[in-house]
*Asks:* 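Before I ask anything, here is the structure I am working with.
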Amino acid sequence: MRLYNTMSRSIEEFVPINEGKVSMYCCGPTVYNYAHIGNLRTYIFEDLLRRTLRRSGYDVKHVMNITDVGHLTGDGDDGEDKMEKSARETGRTVWDIAEFYMKAFFRDEEALNIERPDIICRATEHIDDMINLIKRLEEGGHTYISGGNVYFSIDSISDYGKLARLNLDDLKSGARIEVDSNKKNPKDFVLWFTNSKFKDQAMMWDSPWGRGYPGWHIECSAMSMKYLGEHFDIHCGGIDAIPVHHTNEIAQSEAATGKTWVNYWCHGEFLLMGNAKMSKSSGSFVTLPVLEGEGYDALDYRYFCLTGHYRSQLRFSYEALDAARSARKGIMERIADAKSEGPAATDPSEKAREYMAAFDEAMENDLNAPKALSILWQMLKDNGLSSSDKLAAAYHMDGILGLGLDKAEKKEETLDAELQALLDERTAAKKAKDYKKADEIRDKLLSMGYAVKDTPAGPVLQKM
């Protein structure tokens, strides 16, 4: 297994901390609105990673958080509380907002055939863990209190920004200190808010520093270490988390423990809409229910995502989604044809196993899903393989692709009214021995792209 590690900017051989086991943490959604399909692309990539690791023989422990404490609309400590903003606009409580959009998120994941993480941890249920981690940072001399809030001091560590490769001198020289005059360094960040600019904040808890609520970054550090320990294998997320969120997670986690926190950092690239990334803040985004309302299956979108490497930007368009839908339909039809001839082989031929091995090799090489898809197509088109071998190989591949190939079924095609009327008219003409009229109807059907085939069960139309 080889993975691109954002920390080293290179593809590395994956070596787990504990042999045969993988500990993996993925940043989950902030449940104040529907996840857009750009968000969902990241969760599809993480699903591919987990499935591939398991195929490679690893026992994977996958943890994902749910941010149901509203963090601010800015990635730093600026902007408005997302949960409060959504509650105000909809007239619901922040707790209702979180519950509603969390359920919507998991409905989307289920529709996309994304497997559930082993542990799903809600931020609101881990406030004590966050407080305890902040205490450790305070005891280590990494914090200060200013304006009523607890801040992490990036000057208390020597390697802040190593994931994003930030140049701190440049950041200081170009800093806009007025964003938060309480900060000693513009890149310092809040661990605990007690001084909120919004009155009557709904989500607040008691703490040693006063009644308030946690900063966004402390959540993931506290929850990941609770369930995976202070040193684990893989941390995933979208590429937009690198410069602030993941950078700050590393700073506070390694300051608290004094050691390396995560070995492999894996990030999914943006989904573009036009020339910009898809985002809720810009209003330029599409949700999965919108696609389904347009007549697409959720798995059409999953297929579309598989056509691009997770580390490459992917441009969304309905034309591209149409192509993905057509391709997935073609695969399902081939699988349905193979199923009609019998079950999958329990002992696939050597050639089928070669296809399966080539597929696994592509996925184990930094999740090369586009190449893996091409191998699936090559296998399905191989006339030298039996239908049972094709089914066995396809099901093996779908264990990672997650396209629901085992559900493919032959569909009874019903003719539209005009075609059926012409076919019935031809049958009546033949019974009346009016062969000239029958031939004229046959020719008309041919001009419409259908050939008439007479069978013992009656005439059928075959699309040409």
Side-chain angles (χ1 to χ4, degrees), residues 1-28 42-43 45-66 114-121 123 126 129-130 132-133 136-137 140 142 157-165 217-239 241-242 245-268 310-311 360-361 363-368 399-400:
M1 184 81 186
R2 301 170 73 236
L3 285 174
Y4 183 85
N5 190 348
T6 305
M7 185 66 78
S8 67
R9 302 298 195 274
S10 64
I11 294 178
E12 302 177 11
E13 180 183 352
F14 175 71
V15 180
I17 297 168
N18 298 305
E19 186 176 355
K21 296 181 181 296
V22 176
S23 45
M24 183 170 85
Y25 183 85
C26 298
C27 286
T42 298
Y43 298 111
F45 133 63
E46 292 163 353
D47 187 56
L48 292 176
L49 175 56
R50 179 181 52 195
R51 288 170 180 257
T52 302
L53 286 166
R54 286 179 175 160
R55 170 65 55 78
S56 300
Y58 293 109
D59 178 14
V60 181
K61 186 177 183 181
H62 175 200
V63 178
M64 184 187 76
N65 70 299
I66 298 289
I114 295 173
E115 295 177 347
R116 286 280 183 108
D118 301 294
I119 296 173
I120 297 166
C121 41
H126 294 79
D129 297 301
M130 299 174 209
N132 290 334
L133 182 54
R136 287 180 68 180
L137 291 168
H142 299 287
I157 59 175
S158 61
D159 57 357
Y160 179 81
K162 60 185 177 181
L163 180 70
R165 302 192 175 182
H217 314 298
I218 199 68
E219 298 175 20
C220 287
S221 292
M223 292 188 286
S224 63
M225 288 196 279
K226 178 181 180 71
Y227 294 106
L228 297 175
E230 295 183 354
H231 183 206
F232 57 91
D233 293 302
I234 301 172
H235 195 311
C236 297
I239 197 168
I242 295 172
H245 183 47
H246 288 172
T247 286
N248 291 349
E249 280 188 68
I250 292 170
Q252 64 199 8
S253 300
E254 296 189 354
T257 66
K259 61 187 178 185
T260 298
W261 181 42
V262 173
N263 284 0
Y264 299 87
W265 288 87
C266 301
H267 294 92
Y310 78 94
R311 286 194 292 111
D360 289 345
E361 183 179 353
M363 292 305 298
E364 288 169 356
N365 185 20
D366 196 33
L367 309 180
N368 194 338
I400 291 178

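Every heavy atom of this structure was used, including side-chain atoms; hydrogens, water molecules and symmetry mates were not. Just so it is clear, the model here is predicted, and its values are computed rather than measured. The first residue in the sequence is number 1, and the count goes up from there.
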*Asks:* Counting C-beta onward and ignoring hydrogens, is there a side-chain heavy-atom pair between M223 and D129 closer than 4.5 Å?
*Replies:*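 Heavy-atom side-chain distance check fails, nothing below 4.5 Å.
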*Asks:* Could you list the residues that satisfy side-chain hydrogen bond (donor to acceptor under 3.5 Å, both in side chains) with S23, not counting sequence neighbours?
*Replies:*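 side-chain hydrogen bond (donor to acceptor under 3.5 Å, both in side chains) check on S23 returns D233.
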*Asks:* Heavy atoms only: give me the nearest E249-S221 pair and the separation to one decimal.
*Replies:*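 Nearest heavy atoms, E249 then S221: O-OG, 3.4 Å.
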*Asks:* Can you tell me how far apart CG (L3) and OG (S8) are? Round to the nearest 0.5 Å.
*Replies:*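 Rounded to the nearest 0.5 Å, the CG-OG separation comes to 10.5 Å.
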*Asks:* Can you say whether the rings of Y264 and F14 are parallel (under 30°), tilted (30 to 60°) or perpendicular (over 60°)?
*Replies:*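 Rings of Y264 and F14: tilted, 30 to 60°.
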*Asks:* State, yes or no, whether a side-chain contact exists between Y160 and N248 at a heavy-atom distance under 4.5 Å.
*Replies:*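 Counting from C-beta outward, Y160 and N248 do come under 4.5 Å.
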*Asks:* Going by heavy atoms in the side chains, are D159 and E254 under 4.5 Å from each other?
*Replies:*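 Yes. Closest side-chain heavy atoms under 4.5 Å.
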*Asks:* If every non-hydrogen atom of E364 is compared with every non-hydrogen atom of S56, which pair is closest and at what distance?
*Replies:*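 Result for this residue pair: OE2-OG, 3.0 Å.
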*Asks:* Specify the closest pair of heavy atoms between I234 and C266, including all atoms of both residues, with the distance to one decimal.
*Replies:*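 Smallest interatomic distance, heavy atoms only, reads CG2-SG, 4.0 Å.
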*Asks:* Using atom types as modelled and distance alone, determine if a side-chain donor or acceptor of R50 lies under 3.5 Å from a backbone N or O of E115.
*Replies:*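 Between the backbone of E115 and the side chain of R50 there is a qualifying donor-acceptor contact (under 3.5 Å).
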*Asks:* When you compare the side chain of E219 with that of M130, does any pair of heavy atoms fall below 4.5 Å?
*Replies:*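 When only atoms from C-beta onward are counted, E219 and M130 do touch, with a gap below 4.5 Å.
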*Asks:* Taking the side chain as C-beta and beyond, is there a heavy-atom pair between L367 and R311 under 4.5 Å?
*Replies:*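 Of all side-chain heavy-atom pairs linking R311 with L367, none is under 4.5 Å.
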*Asks:* How far apart are the closest heavy atoms of G238 and H267, and which atoms are they?
*Replies:*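 In terms of heavy atoms, the two residues are closest at O-CD2, 3.4 Å.
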*Asks:* Just by distance, do the side chain of Q252 and the backbone of H217 share a donor-acceptor pair under 3.5 Å?
*Replies:*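 Yes; at least one donor-acceptor contact below 3.5 Å.
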*Asks:* For the pair D59 and K21, find out whether any cationic side-chain nitrogen is under 4.0 Å from an anionic carboxylate oxygen.
*Replies:*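 Result for this pair is yes, salt bridge flagged.
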*Asks:* Hey, are the side chains of Y4 and E12 touching, using non-hydrogen atoms and a 4.5 Å cut-off?
*Replies:*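 Y4 does not reach E12 side chain to side chain.
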*Asks:* If you measure from NE2 on H62 to CG on L228, what distance do you get to the nearest 0.5 Å?
*Replies:*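 Answer for the NE2-CG pair, H62 versus L228, is 9.5 Å.
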*Asks:* About how many Å separate NE2 of H231 and OG1 of T260, when rounded to the nearest 0.5 Å?
*Replies:*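 Reported to 0.5 Å precision, the distance equals 5.5 Å.
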*Asks:* Rounded to the nearest 0.5 Å, what's the gap from SG on C27 to CD1 on I66? Could you check?
*Replies:*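 Atom-to-atom, C27:SG and I66:CD1 are 11.5 Å apart.
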*Asks:* Between M64 and Y43, is the side chain to side chain contact (heavy atoms under 4.5 Å, CB included) condition met? List the steps.
*Replies:* CA-CA 10 Å; M64 184 187 76; Y43 298 111; 4.1 Å; yes
*Asks:* Ignoring hydrogens and geometry, is there a side-chain-to-backbone donor-acceptor pair from K259 to E230 under 3.5 Å?
*Replies:*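 Side chain of K259 to backbone of E230, a donor-acceptor pair under 3.5 Å: no, none is there.
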*Asks:* Determine yes or no for a side-chain-to-main-chain donor-acceptor pair under 3.5 angstrom, with T6 supplying the side chain and W265 the backbone.
*Replies:*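 Present.
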*Asks:* Please report the interatomic distance CD1(I400) to CG(L53), rounded to the nearest 0.5 Å.
*Replies:*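 Going from the CD1 atom of I400 to the CG atom of L53 covers 9.5 Å.
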*Asks:* Within this structure, what is the CG-CE distance for the pair D366 and M1, rounded to the nearest 0.5 Å?
*Replies:*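 If we round to the nearest 0.5 Å, D366:CG and M1:CE are 7.5 Å apart.
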*Asks:* Give the intermediate values and the outcome of side chain to side chain contact (heavy atoms under 4.5 Å, CB included) for residues V63 and N65.
*Replies:* CA-CA 7 Å; V63 178; N65 70 299; over 6 Å; no
*Asks:* So do M24 and Y58 actually touch side chain to side chain, heavy atoms under 4.5 Å?
*Replies:*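 Contact flag for Y58/M24 side chains = no.
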*Asks:* Quick check against the 3.5 Å criterion: does R2 have a side-chain atom that pairs as donor or acceptor with the backbone of I11?
*Replies:*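 Flag not set: sc R2 to bb I11 has no pair under 3.5 Å.
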*Asks:* Of all the heavy-atom pairs spanning C220 and H245, show the shortest one and how long it is.
*Replies:*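 Here C220 and H245 meet closest at SG-NE2, 3.5 Å.
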*Asks:* Considering all heavy atoms of both residues, which atom of W261 and which atom of S224 are nearest to each other, and what is their separation?
*Replies:*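 The pair with the smallest heavy-atom distance is CZ2-OG, 3.2 Å.
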